[in-house]
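Naming convention: chains lettered A, B, ... in sequence-line order (proteins, then strands); numbering from 1 in each chain. Note that this is a predicted model, so its numbers are computed, not measured.
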Amino acid sequence: MPSDTTFADKPSLDQSHFCADPEKTKLGAIDELRTEGPISSFWSDAWRALRRRPLFWISVFLIAALTMIALFPGIFTSESPTHCELGRSMDPSTSGHPLGFNRQGCDIWARVIYGARTSMTVGILSALFTALIGATVGQLAGYFGGWLDGILGRIVDIFYAVPIVLASVVVMQVFRDRATALSVVLVISLFAWTPVARVARGAAIEAKASDFVTASKALGLGKYAILLRHILPNSIAPIIVTATTSLGTFIVLEATLSFLGVGLPPSVLSWGHEIANAQVTVKTHISVLLYPAGALALTVLAFILLGDAVRDALDPKSATR
Amino acid sequence: MARYVGQRLLQMIPVFFGATLLIYALVFAMPGDPIQAMGGERGLPIAMANRIRAEYHLDQPFFVQYWYYIKGVFTLDLGMSFQRRPVFDIIAQVYPTTAKLAVYALAIEGILGVAVGLISGIRRGGIFDTSFLAVSLVVISIPTFVIGFVLQYFIGLKAGILPATATGGASWRALTLPAITLGSVSFAYVLRLTRTSVIETQTADFVRTAMAKGVTRRKVVTGHILRNSLIPVVTFLGGDLGALMGGAIVTEGVFHVNGIGHTLYRAITRGEPTTVVSIVTVLVIVIMIANLLVDLLYAALDPRIRYAK
């Protein structure tokens with residue numbers, strides 16, 4: 001630090017924090033630090049980075065709209081999705097029925113609107129559950145290490161060796177026609193938690209080596225207290241990022257299972273079913289397939305954009321631009 | 001290196017038993033009585049059902065069944081399907097098709113993904129980069145089966161450039177659309193991964209040094225940037241083989257490819273536990289070997305992995 005530094009505005013000496021007199025010490029450079037205003041934390045920095053991104057706002061808008069549709073589908077259509085008349089099978093769009101009718105003579109727009117609830121529920125709950133399971137396993141393995149890490153690590157390897165589509169197709173057979181959105185969520189969570197666990201383990205190992213953890217240990221803080229107060233808060237960002245980015249793939253997985261006929265029973269509205277049913281008429285009326293597929297793609301896209309934005313904000317190292 | 005290989009091989013053993021036990025437990029929990037289902041609506045006489053049950057060891061406790069099954073895996077005797085065909089023969093018949101499809105898909109996503117990702121990374125922010133980033137987002141958002149239907153409809157049926165189904169046999173030409181479909185999502189991931197990796201490597205010290213030494217731009221890109229950016233891509237491609245095997249269930253169904261995914265799907269819906277377990281086991285073994293090879297390749301590419309304990 002050069003000793004002859006001059007300052008544009010010297011701070012007054014009655015500041016609340018300790019500050020050496022810049023005239024006497026020549027260490028005045030320290031007062032270039034901003035001491036007024038709110039303290040900038042990791043999360044406030046991330047929020048500032050996030051809200052500057054237009055893609056973030058686009059995804060937030062889409063997700064808000066989809067949430068509204070999922071919660072109150074009745075606002076967006078007055079037609080019942082289960083009101084089907086074979087007499088109007090494959091009829092083109094008319095007033096009040098913007099997308100026309102499918103093979104069973106059901107209103108396509110109504111079925112697309114009412115299908116949102118399944119995708120949103122399955123996606124959000126699966127992301128939540130995988131984050132919970134993965135974070136617990138990963139944090140314990142990373143923090144305690146040793147034999148616990150060895151055992152949990154092998155369990156992660158086992159689940160990693162079984163492809164998720166294969167495993168969930170096999171397990172969903174157990175539920176057959178009794179499947180609900182919750183059973184799909186549970187099956188997805190059972191097989192999809194391993195990426196979160198790996199990330200959570202790495203974060204725990206990294207946080208464990210930091211000075212503030214050593215200090216807490218020296219001050220006599222208990223193992224579990226350190227885990228909850230220091231390790232977990234410092235690992236939460238990568239866990240959130242992994243869970244958010246995989247949310248879209250869970251929505252796709254549910255649609256795939258329903259499409260294959262092993263997901264939700266036909267009585268539950270799902271875009272996967274709509275696409276499977278439209279398969280029969282794909283050669284003559286591809287639009288019947290494209291409407292639910294478009295809705296599905298838009299939903300997944302919204303969550304992928306959100307995941308990208310959150311990752312760039314929380315993990316500046318992996319910035320995509 | 002030998003030590004590392006040995007360690008990885010030892011680690012595979014518990015994973016193999018764990019994964020097979022997991023699959024076995026999952027299939028064992030399948031509902032319904034497949035033996036009774038064989039008899040159709042009238043069902044089988046009790047004595048005959050019991051005889052068949054004993055033949056498939058279905059009357060034994062769970063762990064005894066698992067023991068017979070593991071013994072079968074090691075002696076390549078995977079038992080009989082309910083259609084009285086050895087499961088091993090069924091797998092041997094359909095597996096080459098799926099292997100061909102998976103390799104084709106892997107080649108498409110690997111070559112195209114790395115090429116596009118490299119150009120995008122080098123010309124970051126340009127039109128090429130921006131448009132392919134948008135394309136990758138759209139491709140990731142659309143489920144595989146929808147991509148399959150759209151390609152089948154527009155390229156196979158409307159334009160008639162490529163066969164819409166592979167019912168006539170699994171030639172390279174017939175497998176082109178299925179392979180593009182199967183590899184599409186991973187293509188987008190490979191593209192994004194390569195791009196990020198190239199952007200990171202571009203600012204590395206050794207790249208600057210090479211430039212300062214006067215190495216040509218072309219050599220810096222291929223010899224320094226590309227080679228170092230490939231490490232995470234190789235890992236991804238190896239792990240992706242499992243996803244491709246899973247995706248084969250969907251893709252082979254859409255394009256009527258007579259491969260292992262289609263066979264497995266039929267076995268699951270028919271409730272044939274022996275066939276399901278055997279096929280999934282073979283797939284898991286293939287995936288484990290692929291992961292092992294990738295780890296070894298990774299260790300060869302990056303010495304830091306080898307020497308870290």
Side-chain angles (χ1 to χ4, degrees), chain A residues 55 150-151 153-176 178 190 248-249 251-253 255-256 259-262 271-272 275-276 278-279 282-283 286 289-290 292-294 296-305 308 317-321, chain B residues 11-12 14-19 21-23 26-27 29-32 124-125 133 137-138 140-146 149-150 152-154 157 185 192 195-196 199-200 239 241-250 253-254 261 264-265 268-269 271 276-277 279-280 283-285 287-288 291:
Chain A
L55 281 182
I151 291 177
R154 289 298 83 74
I155 293 177
V156 170
D157 284 349
I158 288 168
F159 277 91
Y160 186 75
V162 186
I164 179 162
V165 178
L166 280 185
S168 35
V169 167
V170 171
V171 182
M172 283 313 292
Q173 280 296 301
V174 177
F175 294 99
R176 281 275 159 88
R178 287 167 292 123
L190 178 64
T249 54
I251 295 179
V252 171
L253 189 57
T256 306
F259 168 77
L260 287 172
V262 294
W271 290 330
I275 296 168
Q279 209 184 329
V282 71
K283 280 167 196 156
I286 193 163
L289 185 142
L290 291 182
L296 182 59
L298 197 66
T299 311
V300 177
L301 185 68
F303 282 105
I304 288 178
L305 289 178
D308 273 6
K317 269 182 284 178
S318 73
T320 45
R321 38 201 77 227
Chain B
Q11 276 179 0
M12 267 175 78
V15 175
F16 172 78
F17 284 105
L21 191 64
L22 179 72
I23 299 158
L26 293 179
V27 175
M30 273 201 196
R124 178 155 62 129
L133 263 189
L137 277 178
V138 171
I140 294 174
S141 308
I142 305 176
T144 324
F145 49 93
V146 175
F149 283 130
V150 170
Q152 193 176 38
Y153 180 76
F154 286 107
L157 293 173
V185 175
R192 285 163 63 112
R195 179 182 177 274
T196 315
I199 290 171
E200 257 167 42
L241 200 65
L244 288 184
M245 296 292 170
I249 295 188
V250 176
V254 171
L264 175 65
Y265 183 66
I268 291 171
T269 45
V276 173
V277 161
I279 294 178
V280 178
L283 293 183
V284 166
I285 293 174
I287 291 162
M288 281 173 62
N291 284 343

Side chain, backbone, both or neither: which part of [X] has an atom under 4.5 Å from a heavy atom of chain B?
X       : value
F303(A) : neither
V169(A) : both
L260(A) : both
L301(A) : both
T249(A) : side chain
L290(A) : side chain
L305(A) : side chain

Does F159(A) reach the side chain of L22(B), with side-chain heavy atoms less than 4.5 Å apart? yes
Is [X] close to chain A through its backbone or its side chain, or both, or neither, when contacts mean heavy atoms under 4.5 Å?
X       : value
Y265(B) : side chain
L264(B) : side chain
L137(B) : both
L157(B) : side chain

Taking all non-hydrogen atoms of both residues, which atom of [X] and which atom of [Y] are closest, and how far apart?
X       : Y       : result
I275(A) : A293(A) : CD1-CA, 3.8 Å
P163(A) : I287(B) : CG-CD1, 3.3 Å
V254(B) : Q152(B) : O-NE2, 3.3 Å

I'd like to verify something: which residue of [options] has the highest number of heavy-atom pairs under 4.5 Å with chain B?
options                            : value
I155(A), V300(A), T299(A), I158(A) : I158(A)
V252(A), V162(A), L166(A)          : L166(A)
L296(A), T256(A), D157(A)          : T256(A)

In Å, rounded to the nearest 0.5 Å, how long is the span from [atom1] of [X] to [atom2] of [Y]?
X       : Y       : atom1 : atom2 : value
L283(B) : I23(B)  : CG    : CD1   : 8.5 Å
T144(B) : L244(B) : OG1   : CG    : 10.0 Å
L241(B) : M288(B) : CG    : CE    : 13.5 Å
F16(B)  : L21(B)  : CZ    : CG    : 11.0 Å
I164(A) : L253(A) : CD1   : CG    : 5.0 Å

Count the heavy-atom pairs under 4.5 Å between each of P143(B), G125(B), A248(B) and chain A, then report the option with the highest count. P143(B)
Counting heavy-atom pairs closer than 4.5 Å to chain A, which one of N291(B), I140(B), V280(B) comes out on top? I140(B)
Angle between ring planes, F149(B) versus F259(A), binned at 30° and 60°: parallel, tilted or perpendicular? perpendicular
